[in-house]
Each structure stands twice: as structure tokens, then as C-alpha cells.
Amino acid sequence: MLARCFSAAAAAAALLAFAPATPAQQKMVLKAADVHPLGYPTVEAVVRMGAKLDKATGGRYSIQMYPSMQLGGEKEMIEQAQVGALQIARISVGPMGPIVDELNVFNLPFIFRDESHMRKVIDGPIGAELLDKVSSSSARLIALGWMDAGTRNVYADKPVTKPADLKGMKVRMMGNPIFVETMNAMGGNGVAMGFNELYQALQTGVVDGAENNEPTLLAQNHYQVKKVYSLTGHLIIPEVFVFSKASWDKLPKADQDLIRKLARETQLEQRALWDAMVADATTKLKAAGVKFVPADKKAFYEATQSVRDKYGSKYAALIKRIQDTQ
């Protein structure tokens, strides 16, 4: 899979570029990437982490951010981090699920009661255990922390308030079978598609709609082509930011510990940035003519029970712990 994106020479060059510091080379530049633009909460939080890291190490480390899909979509970012061509990547749990199976529990529809419930889960022992599973897996990634991505709702040319409204509609979903089947169960036709392809697909009618949070709808200009935002609330998916294991293993333990400490601060700082941006994005979207439409969440919850039954059975104990989190 990696060979499609990188030759062995490119991977080797990337690793050499991240060689440990020598007296003649006192600074290490950590490459970070995100699909979102500068100023977006996930991007801004990592930029701030870089400033703290630079200060704490007296300039030995800095973070160079590549926002706005400059290094590709999330699939490409995962692959680059796996070979050390990229050090830090912010990835949705959706595309991480096929890599670390246990993460799929967060990808189930309506697994969280609301965003407050989700935050208590990721801040507690369940969140810590799942980060450890990523780091100890064969994924060649070190999981640094979680980030908020809000609640995902459907946007299209018409209101989607009940399952029947989705009949015949092609709706873009992240590339994970759980999401495609969730949309199918909700009444639509789920279409797996890379995020970097979505704007054009919405514009040309390749898909009839998509689903995401308010800041993404605004930041990616999707509101310019789809003006109805229906509050289906079917997915509340945290995101993870990871460090390349190939690069991590070259770092002294003290530096690893410092990065982990700053990552924890970043997790909480991103949350405050997120809440502010959701409020701001909602105001701007409404001012731009986007209609926010209430939806029958109970109907969608019942419609997606088959997905939870199919994919959730092997996580029964974990799901109970999530449900018991108060």
C-alpha cells in the first residue's frame, strides 16, 4: 500500500531529513499535516503546541504545519506518517478504524448520548486505553491524544428530517464500511469518498449530499453548494492525533515525555477552540443563508440499530462501559 505513495528512496530521504540533532544541526523540524486550513481548531492547536515545544526546548524542536490537504487526504497522511515522511497527523477515527479495530466502537451511530458524554469517555480510562492500543499496534503510529470533531449532520439541497427523506440520495461518507452502512440504514445510499474529492463531487452532483460538523461545512465552502443542514446527529466521532513511530523511536525519552505532556494540553486547548468555532461557524452559516433544520433523532436511532447490532457485538463490554460513563 505504501509503495503507491512513496518510493523507497523518498522514504529514506524523509528519514534522513529527520535525523537526530548534531552540534551543527541544533534544530529538528517536525512536519505536521491536516486536511483543514490554518485557523481551524485542530490545526491551530497543533501550531500552538509547536510554539510551546520550541520554547520548552530552547529552539531544538519546532513544528512545521502543512494545512489544507497540502500533503494529501487523511489516508495519504497516515501512510506518510507510517514511513516517517511526516511526524504529526490529525486523523479522523473513521479511517483509523480499519487499522486499529477497537477504535470502530467510536464509529458506531449514536454511541454517545451527546458531546459532553463523548468528552468524558475520551478524557477517562477508556480514552487512554484506546490510545495505548493504537501505539502498541502494528500501525507504526504513536497516539498522542484526542481532538473534538463535533456532531455530524447531513447537508444537502433539501431537509432530511426522517429516514424516508434520504431515499434515493447519494451521501458521501468517510471510507469505513460502518459509515456507509450507517447511511444505508438511515435511508440513503452511502458513498465512500476521500475528503479531498468532496467539494467537486457536491458541485457536479456526483453525490447529493454529505455529512459533517458546522466548522467543516463553513471552512471547506461546502455551504456554497448545499444550503440545508439537517440536525440528524447520527455520529459524534472524536479524532486522534498521532506521531510517526519511525520518527518517535529516534527521540530521547525526555523529549518523548515532553511531547506527550504538551499533547495532553493540546487535547484540552483544541476543545476550547472547537467550542468557539462551532458557535462562530453556526452564526456565519445562518448569515450565508444555510437553513438549520431539526430532525427526528429517535427515528434515525431506531433505523441504525442494525448497524450497532452487527458491528457492536464484539465490543459489548466496552459499549457497556461507555454507556455507564456519567
Side-chain angles (χ1 to χ4, degrees), residues 1 74-75 78 91-115 117-118 120-122 126-127 129-131 133-134 137-139 143 146 149-156 160-195 198 207-213 230-240 295-325:
M1 177 175 70
E74 292 188 337
K75 178 175 176 289
I78 290 171
I91 308 293
S92 302
V93 168
M96 286 293 292
I99 298 173
V100 180
D101 183 67
E102 288 88 345
L103 290 179
N104 275 317
V105 73
F106 286 168
N107 293 327
L108 295 172
F110 299 102
I111 191 66
F112 299 112
R113 293 186 291 274
D114 50 32
E115 287 181 39
H117 179 215
M118 182 272 290
K120 288 173 182 173
V121 171
I122 63 173
I126 295 172
E129 289 166 23
L130 289 176
L131 291 178
K133 281 186 180 294
V134 174
S137 75
S138 60
W146 299 100
T151 300
R152 298 176 78 95
N153 301 290
V154 174
Y155 50 96
V160 173
T161 64
K162 56 188 182 300
D165 294 337
L166 281 165
K167 186 175 182 182
M169 287 180 61
K170 299 187 297 292
V171 181
R172 179 265 175 180
M173 304 297 287
M174 285 186 286
N176 184 318
I178 293 178
F179 299 141
V180 174
E181 291 186 36
T182 291
M183 180 49 60
N184 293 345
M186 287 171 64
N189 297 322
V191 178
M193 178 181 292
F195 191 65
L198 181 52
V207 293
D208 302 303
E211 45 82 67
N212 220 310
N213 53 57
S230 301
L231 303 176
T232 51
H234 52 284
L235 293 168
I236 301 175
I237 311 170
E239 301 182 331
V240 65
D296 185 350
K297 290 187 182 181
K298 184 171 183 289
F300 286 116
Y301 176 85
E302 292 172 352
T304 54
Q305 185 61 49
S306 60
V307 179
R308 287 186 296 281
D309 290 343
K310 177 179 178 179
Y311 289 100
S313 58
K314 61 181 172 180
Y315 312 121
L318 180 55
I319 289 173
K320 186 174 189 311
R321 290 176 62 202
I322 291 172
Q323 292 171 340
D324 289 345
T325 300

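Looking at M96 and V134, their side chains come closer than 4.5 Å, going by heavy atoms from C-beta outward. At a threshold of 4.5 Å between non-hydrogen side-chain atoms, the residues E211 and M186 do not count as touching. Contact annotation: the side chain of Y315 never approaches that of I322 to less than 4.5 Å [non-hydrogen atoms, C-beta and beyond]. Side-chain contact between M174 and I237 is present, with at least one heavy-atom pair separated by less than 4.5 Å. Proximity of V154 to D165: side-chain heavy atoms (C-beta onward) are nowhere separated by under 4.5 Å. Side-chain contact check for F106 versus V240: every heavy-atom pair is 4.5 Å or farther apart. Between E239 and W146, the closest side-chain pair of non-hydrogen atoms is not below 4.5 Å. V160 is listed as a side-chain neighbour of F300, based on a closest heavy-atom distance under 4.5 Å.
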(request) Starting from the C-alpha separation in whole Å, work towards a yes-or-no answer on side chain to side chain contact (heavy atoms under 4.5 Å, CB included) for F112 and T151. (result) CA-CA 10 Å; F112 299 112; T151 300; over 6 Å; no
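Between the side chains of N176 and N104, at least one donor-acceptor pair of N or O atoms lies under 3.5 Å.
I236 contributes atom CD1, which lies 11.5 Å from atom CZ of R152 (distance to the nearest 0.5 angstrom). We find the CD1-CZ distance between I178 and R308 to be 12.0 Å, quoted to the nearest 0.5 Å. Rounded to the nearest 0.5 angstrom, K170 NZ and N189 CG are separated by 7.5 Å. Rounding to the nearest 0.5 Å places CE of M173 at 11.5 Å from CG of L198. Note that CG of L235 and OG1 of T182 are 5.5 Å apart. Values are rounded to the nearest 0.5 Å. How far CG of L166 is from CE of M183: 5.5 Å, rounded to the nearest 0.5 Å.
Residues A192 and G175 come closest through the heavy atom pair CB-CA, 4.1 Å. What you find for P109 and T304 is that their closest heavy atoms are CG-CB, 3.8 Å. Looking at every heavy atom in both residues, M169 comes nearest to A156 through CE-CB, 3.5 Å. Listed here is the closest heavy atom pair of V180 and G190: CG1-O, 3.6 Å. The two residues A149 and N213 come nearest to each other via the heavy atoms O-ND2, 2.8 Å. Heavy atoms only, all atoms of each residue included: G312 and I319 are closest at O-CD1, 3.5 Å.
Judged by distance alone, the side chain of R172 and the main-chain N or O of M193 form a donor-acceptor pair under 3.5 Å. Between the side chain of N153 and the backbone N or O of T232 there is at least one donor-acceptor pair closer than 3.5 Å. Side chain of E74 to main chain of P95: no donor-acceptor pair is present (N/O by atom type, distance under 3.5 Å, no hydrogens or angles).
With I126 as the fixed residue, the side-chain contact (heavy atoms from CB on, under 4.5 Å) test singles out one of L318, L131, V105: L318.
Partners of D114 by side chain to side chain contact (heavy atoms under 4.5 Å, CB included), not counting sequence neighbours, listed by chain and number: S116, H117. Residues passing the side chain to side chain contact (heavy atoms under 4.5 Å, CB included) test with P177, sequence neighbours excluded: E181, Y311.
A salt bridge links K298 to E302: one of the charged nitrogens lies within less than 4.0 Å of a carboxylate oxygen.
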